[in-house]
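Below is one structure, written out as structure tokens; the observations come after it.
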Amino acid sequence: MIELVITLISGVFVGLSLGLTGGGGSNFAVPLLIYAVGMAPSQAMSASLASVAIIAAIGASHAIRKNLITWKPTLIFAVGGMVGSPIGLKLAHGLDEQLLLKGFAVLALLVGSSMWWRAWRKPQESNVVRALPEKDINATGPVCSVAQDGKLTFTAPCSVALALAGLTTGLLAGFFGVGGGFIIVPALMLIIRMGIHSAVATSLVVIALTGLAGSVYAILNNRIVWSVMLLFAAGGVIGMSIGRHWAAKIAGPLLQKVFATAVVLTAITILLKTTF
């Protein structure tokens, strides 16, 4: 009974952090599944990937209902992610689990540091959370262009850049069991100059589709512990709902820095545990 409560609460925390911060929250999923719930690292990463995909799908449905998604770049990016996610899972299988955890810790350290830096240098972006996106207009990007009617014109280099960014996201998502929003959002803003609001909303759709592809691979290879994953995901959906309710009131640079600091401290703890 205690284990079930811990699993549910852990999921709530991940969903809450995703809803309030707009990114980086999935980096708490793997450590919580390992150290709080008691799963093996390989099982935790598969459960994390599937759970985060479910949580993202709930958030994505909210963005889709409000017509916040620009579908062509979203689908190109997502296809790359859906190809990369199963490959990442396959590459991670059989690796030394301590080495895998160290790699995850290094990734989390980079993500947490990036979150803190953005909250310091671009505090206005900290108010843009996954729970409360707004529609904005795309501007000209380095490999895509915008016609006078406001529609994106996709060149071959534009599509290739989006697909490669998606492939990279999928590889990392499958390998480490993370959502990948820390790559998706800046990549969309760089490649097609998508505004932060649209990029954050779009990231939910990409995470959901990328996670779905990886989850199918994990299910076919019997790597999902269903009882844990579903309960953890249920907690995440509850947390996302709470985050959506409170985001407008408390989201901002200070909260982003608090979560970023927590991600960094978690990464350091994992590095110390796996080294000593």
Side-chain angles (χ1 to χ4, degrees), residues 22-24 26-27 45-46 48-50 52-53 56-57 60 63 68-93 95 100 103-104 106-111 113-115 117-118 125 130 133 136-147 151-218:
S26 62
N27 288 276
M45 289 174 183
S46 295
S48 171
L49 183 66
V52 170
L68 299 169
I69 307 300
T70 305
W71 282 106
K72 193 165 185 178
T74 301
L75 293 177
I76 294 173
F77 204 112
V79 167
M82 293 175 76
V83 171
S85 182
I87 296 174
L89 275 167
K90 188 171 183 178
L91 291 173
H93 183 63
L95 286 181
L100 199 59
F104 174 86
V106 171
L107 178 66
L109 192 60
L110 293 173
V111 172
S113 301
S114 176
M115 286 176 64
W117 183 85
R118 289 200 309 270
E125 292 186 3
R130 285 184 171 150
D136 47 20
I137 300 173
N138 298 312
T140 304
V143 289
C144 305
S145 60
V146 176
K151 294 183 178 180
L152 278 168
T153 300
F154 283 86
T155 61
C158 172
S159 299
V160 170
L162 286 169
L164 288 176
L167 180 64
T168 302
T169 301
L171 287 170
L172 288 174
F175 201 86
F176 294 117
V178 295
F182 55 91
I183 294 178
I184 300 168
V185 172
L188 289 171
M189 294 175 70
L190 173 66
I191 296 170
I192 59 175
R193 294 292 189 265
M194 182 178 281
I196 179 66
H197 292 89
S198 290
V200 166
T202 297
S203 70
L204 288 169
V205 178
V206 176
I207 290 169
L209 292 175
T210 299
L212 173 63
S215 298
V216 169
Y217 177 86

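Below, all heavy atoms of this structure are taken into account, side chains as well, without hydrogens, waters or symmetry copies.
Here the CZ-CG distance, from Phe175 to Leu100, works out to 5.5 Å after rounding to the nearest 0.5 Å. With rounding to the nearest 0.5 angstrom, the CG atom of Asn27 is 8.5 Å from the OG atom of Ser48. Here the CG atom belonging to Leu209 is positioned 12.0 Å from the CZ atom belonging to Phe77, to the nearest 0.5 angstrom. A distance of 13.5 Å separates CD1 in Ile207 from CG in Leu212, rounded to the nearest 0.5 Å. Taking SG of Cys158 as the reference point, atom CD1 of Ile76 lies at 6.5 Å (rounded to 0.5 Å).
Ala218 meets the side chain to side chain contact (heavy atoms under 4.5 Å, CB included) test with Ser46, Leu89, Arg223, Ile224; sequence neighbours excluded. Applying the side chain to side chain donor-acceptor pair (under 3.5 Å) test to Ser114 and every residue at least two apart in sequence or in another chain returns Arg118. Applying the side chain to side chain contact (heavy atoms under 4.5 Å, CB included) rule to Ala57 yields the partners Ala208; only residues at least two apart in sequence or on another chain are considered.
With Thr202 contributing its side chain and Thr74 its backbone, the two residues share no donor-acceptor pair below 3.5 Å. Formation of a donor-acceptor pair under 3.5 Å by the Ser113 side chain with backbone atoms of Leu109 is found in this model.
Nearest heavy atoms, Pro73 versus Ile192: CB-CD1, 3.8 Å. A pairwise comparison of heavy atoms in Phe176 and Phe104 identifies CE2-N, 3.3 Å as the closest pair. The shortest non-hydrogen separation linking Met189 to Met194 is CG-O, 3.2 Å. Ala173 and Leu49 get closest at one heavy-atom pair: O-CD1, 3.6 Å. Heavy atoms only, all atoms of each residue included: Pro186 and Gly181 are closest at CD-O, 3.9 Å.
Considering only heavy atoms from C-beta on, Val52 stays 4.5 Å or farther from Val178 through its side chain. Counting heavy atoms from C-beta outward, Met115 and Val111 have side chains that approach closer than 4.5 Å. Side-chain contact between Phe182 and Leu110 is absent, with no heavy atoms from C-beta onward closer than 4.5 Å.
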Extract all donor-acceptor atom pairs below 3.5 Å that involve side chains of residues 162-172 and protein atoms in other chains or at least two apart in sequence.
from: Thr168; atom 1: OG1; to: Leu164; atom 2: O; distance (Å): 3.0
from: Thr169; atom 1: OG1; to: Ala165; atom 2: O; distance (Å): 2.9

